[in-house]
Participant: 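Structure in structure tokens, see below.
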Number of protein chains: 2
Amino acid sequence: MRPASIKDVANHAGVAVGTVSNVLNYPERVASKTLDRVQASIAELGFVRNDVARQLRAGHSRTIGLIVLDIGNPFFSSLARAAEDTAAEGGNAVVLGNSGHDAQRELHYIDLFEEQRVQGVLISPVAENSKRLAALTARGTKVVLVDSPSSEDEFSSVSVDDVSGGYMATKHLLDIGRRRIAFVAGPQQFHQVTDRLSGAMRAVAEVPGATLEVLQAADLTVLAGRGVGDSLVERERSLLPDGLFCANDLLALGVMQSLTMLHTLRIPQDVALVGYDDIDFAASAVVPLTSVRQPTTLIGRTAIELLTEQLESPDAGPRSVVFKPELVVRASTGS
Amino acid sequence: MRPASIKDVANHAGVAVGTVSNVLNYPERVASKTLDRVQASIAELGFVRNDVARQLRAGHSRTIGLIVLDIGNPFFSSLARAAEDTAAEGGNAVVLGNSGHDAQRELHYIDLFEEQRVQGVLISPVAENSKRLAALTARGTKVVLVDSPSSEDEFSSVSVDDVSGGYMATKHLLDIGRRRIAFVAGPQQFHQVTDRLSGAMRAVAEVPGATLEVLQAADLTVLAGRGVGDSLVERERSLLPDGLFCANDLLALGVMQSLTMLHTLRIPQDVALVGYDDIDFAASAVVPLTSVRQPTTLIGRTAIELLTEQLESPDAGPRSVVFKPELVVRASTGS
DNA sequence: CCTCATTCTTGAAACGATTCATTATTACGA
DNA sequence: TCGTAATAATGAATCGTTTCAAGAATGAGG
């Protein structure tokens with residue numbers, strides 16, 4: 001059966017549709033006797049306001065789109081939760097899209113969100129696709145880049161200084177005496193990967209005699225990390241790095257899984273290990289993992305706030321917030 | 001600037017609105033010359049179809065609501081991803097709501113989704129709130145319970161046999177010779193907790209001399225698990241359980257974190273540990289965790305399929321799918 | 001009982017798309 | 001050239017709200 005409309009309620013209560021609308025939106029304008037009667041009708045008919053029609057009339061929705069690279073990564077699920085909580089405070093809902101690092105799917109979600117006329121889009125972009133995003137903003141949908149700086153300050157953005165994070169992680173390895181450093185990289189098109197790498201390079205350059213090797217992982221996942229670990233175990237001992245910095249915690253946990261499973265290399269004695277993100281599970285790993293912590297909750301909250309800011313004062317230019325990461329030392333670097 | 005509407009396109013191309021609509025929906029009905037002209041106008045004006053208006057006319061949306069208990073829990077994020085992927089195959093989008101085990105927030109999302117006229121709602125309910133959900137279905141919004149059986153077969157549901165999972169986990173502890181079993185429970189109102197407990201009780205009852213103690217955790221999180229672990233460490237040795245079954249992996253990892261941090265109790269020698277869910281991180285824990293695996297991807301996919309089923313044949317009754325869990329043995333029970 | 005001010009209520013217009021009965025155009029054979 | 005059939009294009013009606021100018025009802029004061 002078709003759900004009850006405002007018209008049905010009006011008929012049932014013997015008033016005009018405008019009155020029912022007032023009951024819903026401006027109850028103080030309605031005489032209390034009428035109010036009661038209309039509310040009784042609403043209850044009796046089980047009327048639920050059709051938000052689609054409301055949105056059409058209002059010209060905008062109460063939803064915000066969020067596109068993340070990998071919702072299975074605790075970094076993003078934590079971020080998503082924070083964004084959702086913050087949005088809920090303002091009466092908005094968050095629609096989640098998972099691009100899975102796939103530019104095609106990312107585009108698909110951007111299209112979808114634009115058709116749905118979301119208030120704005122928070123996006124952790126696969127690769128900077130400014131043209132599509134610029135078109136979005138040009139048509140009135142606000143955009144905030146998350147975990148990704150805006151190259152030309154074209155959009156508002158919330159990010160963490162990955163270069164400095166990479167520097168901190170590598171400096172720490174050097175500080176505890178490691179000299180043969182290896183960086184476990186994910187695909188090079190991820191700026192998170194290249195930024196962290198360039199931080200690592202800077203740290204290594206400061207210490208004479210230190211070397212940096214780059215190991216390529218196919219992906220930023222536990223599984224890909226295990227692959228890298230397996231290949232390390234097969235190496236001749238003298239060719240092994242003694243300090244390993246992984247582009248994220250999932251990779252680090254994978255590497256750790258592989259090294260400890262085969263019991264040939266000890267962490268941190270043979271290889272010291274540093275991850276990135278400090279996900280909850282880093283602390284309870286086989287060997288508790290030293291990691292670079294990112295303020296996920298703060299990132300999510302700030303992203304929504306920047307969006308709200310843009311909605312409230314559309315003329316203000318884009319604003320970028322950059323957080324500093326923080327090194328958390330644990331047993332994997334021999335605390 | 002107001003985004004271009006179908007009317008603007010029609011004016012620009014010198015055709016009627018109906019023709020533009022045909023270009024969008026039935027291009028084969030339009031003469032190729034007109035088609036080109038309209039498409040050129042669409043491109044030039046940057047027209048993007050307003051899905052809100054389309055939905056209003058169509059009477060239904062292309063979105064599905066998903067309400068989970070805790071998106072930070074990998075069990076749910078994995079489930080969400082599977083649901084999203086499956087929905088995308090059918091051209092639908094998933095809107096995510098995180099209730100955080102809060103009945104109030106759950107209700108809020110149900111209301112929101114009903115107002116948005118989602119096609120259906122997948123929900124992992126905080127506590128069975130059948131009345132509200134029944135009202136939903138009565139008004140045409142389909143409901144599928146996820147990770148929760150429907151008590152009266154009132155709704156379609158996808159669940160995993162938690163009683164049998166609890167039995168398997170506990171039986172395994174008994175099989176390796178443990179007799180003083182403890183179950184680390186979360187809040188008792190979660191049926192997942194009570195079902196797993198009753199499975200544990202059944203297993204213990206089968207073995208003469210075995211005992212079962214219930215330890216209460218405040219929450220199903222790593223942090224709460226750590227609290228339980230801390231209190232265990234303080235106990236007199238003779239009063240300690242030798243087999244610990246935790247209501248989920250997060251709790252188990254928390255307990256593990258606490259026990260191994262203080263180095264007073266060894267896993268599995270002093271205490272064997274079993275978790276539940278087999279999240280990705282269970283395998284890479286301090287001591288790789290024995291756990292009961294749930295087929296998250298399958299659950300998510302099936303939930304969407306059950307929903308689709310209901311949408312396509314509205315008269316068919318609700319259908320319930322129950323999956324069997326699977327024990328994955330690792331070092332925490334001394335493989 | 002009338003007037004005027006105040007408080008409520010009304011109902012048509014608008015939001016932007018889709019639908020479909022109607023009308024216009026084209027193509028073709030006679 | 002005309003008639004007919006097939007193909008295209010039209011535009012009003014519709015979906016369920018909100019808005020707002022205008023009208024109706026009420027109440028106070030004289």
Participant: So, A/Arg301 and A/Asp85, do they make that salt bridge, N to O below 4.0 Å?
Facilitator: no
Participant: May I have the distance from B/His60 (atom NE2) to D/dT14 (atom P), rounded to whole angstrom?
Facilitator: 20 Å
Participant: What nucleotide among D/dG16, C/dC8, D/dT18 has an atom nearest to a side-chain atom of A/Leu56?
Facilitator: D/dG16
Participant: Return yes if the base of D/dT18 and the side-chain atoms of A/Arg57 contain a donor-acceptor N/O pair under 3.5 Å, otherwise no.
Facilitator: yes
Participant: What I want to check is whether an N or O donor and acceptor connect the side chain of B/Arg54 with the base of C/dT18 at under 3.5 Å.
Facilitator: no
Participant: Within this structure, what is the CG-to-C1' distance between A/Leu24 and D/dT19, rounded to whole angstrom?
Facilitator: 14 Å
Participant: Within this structure, what is the CG-to-P distance between A/Asn22 and D/dT19, rounded to whole angstrom?
Facilitator: 9 Å
Participant: Decide if atom CD of B/Glu28 counts as having more than 12 heavy atoms of other residues, nucleotides or ligands within a radius under 6.0 Å.
Facilitator: yes
Participant: Measure from CZ on B/Arg37 to C1' on D/dT10 and round the result to the nearest Å.
Facilitator: 14 Å
Participant: Without decimals, in angstroms, what is the distance between B/Asp36 CG and D/dA8 C1'?
Facilitator: 15 Å
Participant: Within a reach of under 6.0 Å around CD of A/Glu89, are more than 12 heavy atoms found that belong to other residues, nucleotides or ligands?
Facilitator: yes
Participant: Indicate whether OP1 or OP2 belonging to C/dG16 is found under 4.0 Å from a side-chain N or O atom of B/Ser5.
Facilitator: no
Participant: So if I take every side-chain heavy atom of B/Ala53 and compare against C/dG16, D/dT18, D/dG16, which nucleotide ends up nearest?
Facilitator: C/dG16
Participant: For the rings on B/Phe190 and B/His101, is their centre-to-centre separation under 6.0 Å?
Facilitator: yes
Participant: Which nucleotide in the set C/dG11, D/dT17, C/dC8 lies at the smallest distance from any side-chain heavy atom of A/Asn50?
Facilitator: D/dT17
Participant: Touch check for A/Val15, heavy atoms < 4.0 angstrom, all strands: base, sugar-phosphate only, or nothing?
Facilitator: sugar-phosphate
Participant: Are the charged groups of A/Glu154 and A/Lys131 less than 4.0 angstrom apart, N to O?
Facilitator: no
Participant: Identify whether any heavy atom of A/Asp51 sits under 4.0 Å from a base atom; if not, whether one sits that close to sugar-phosphate; answer base, sugar-phosphate or nothing.
Facilitator: nothing
Participant: Specify the separation, in whole Å, of atom CD of B/Glu115 and atom P of D/dT17.
Facilitator: 10 Å
Participant: Scan A/Val52 against the nucleic acid and name what it touches under 4.0 Å (heavy atoms): base, sugar-phosphate only, or nothing.
Facilitator: nothing
Participant: Is it the case that over 12 heavy atoms from other parts of the model lie below 6.0 angstrom from the CZ atom of B/Arg105?
Facilitator: yes
Participant: Heavy atoms under 4.0 Å, any strand shown: does A/Thr19 hit a base, just sugar-phosphate, or nothing?
Facilitator: base
Participant: Whole angstrom is fine here: how far is it from CZ in A/Phe47 over to C1' in D/dT18?
Facilitator: 12 Å
Participant: Contact class for B/Gly18 vs. all strands (heavy atom < 4.0 Å): base, sugar-phosphate, or nothing?
Facilitator: base
Participant: State whether A/Tyr26 places a side-chain N or O below 4.0 Å from either non-bridging phosphate oxygen (OP1 or OP2) of D/dT19.
Facilitator: yes
Participant: By nearest heavy atom, map B/Glu28 and B/Ala58 onto DNA chain D; which one lands nearer the 5' end?
Facilitator: B/Glu28
Participant: Would you indicate, yes or no, if D/dG16 has its OP1 or OP2 atom less than 4.0 angstrom from a side-chain nitrogen or oxygen of B/Arg117?
Facilitator: no
Participant: Can you check the A/Arg29 CZ to D/dC20 C1' distance for me, whole Å?
Facilitator: 9 Å
Participant: Nearest heavy atom decides the nucleotide; on that basis, is B/Leu35 or A/Val17 closer to the 5' end of DNA chain D?
Facilitator: B/Leu35
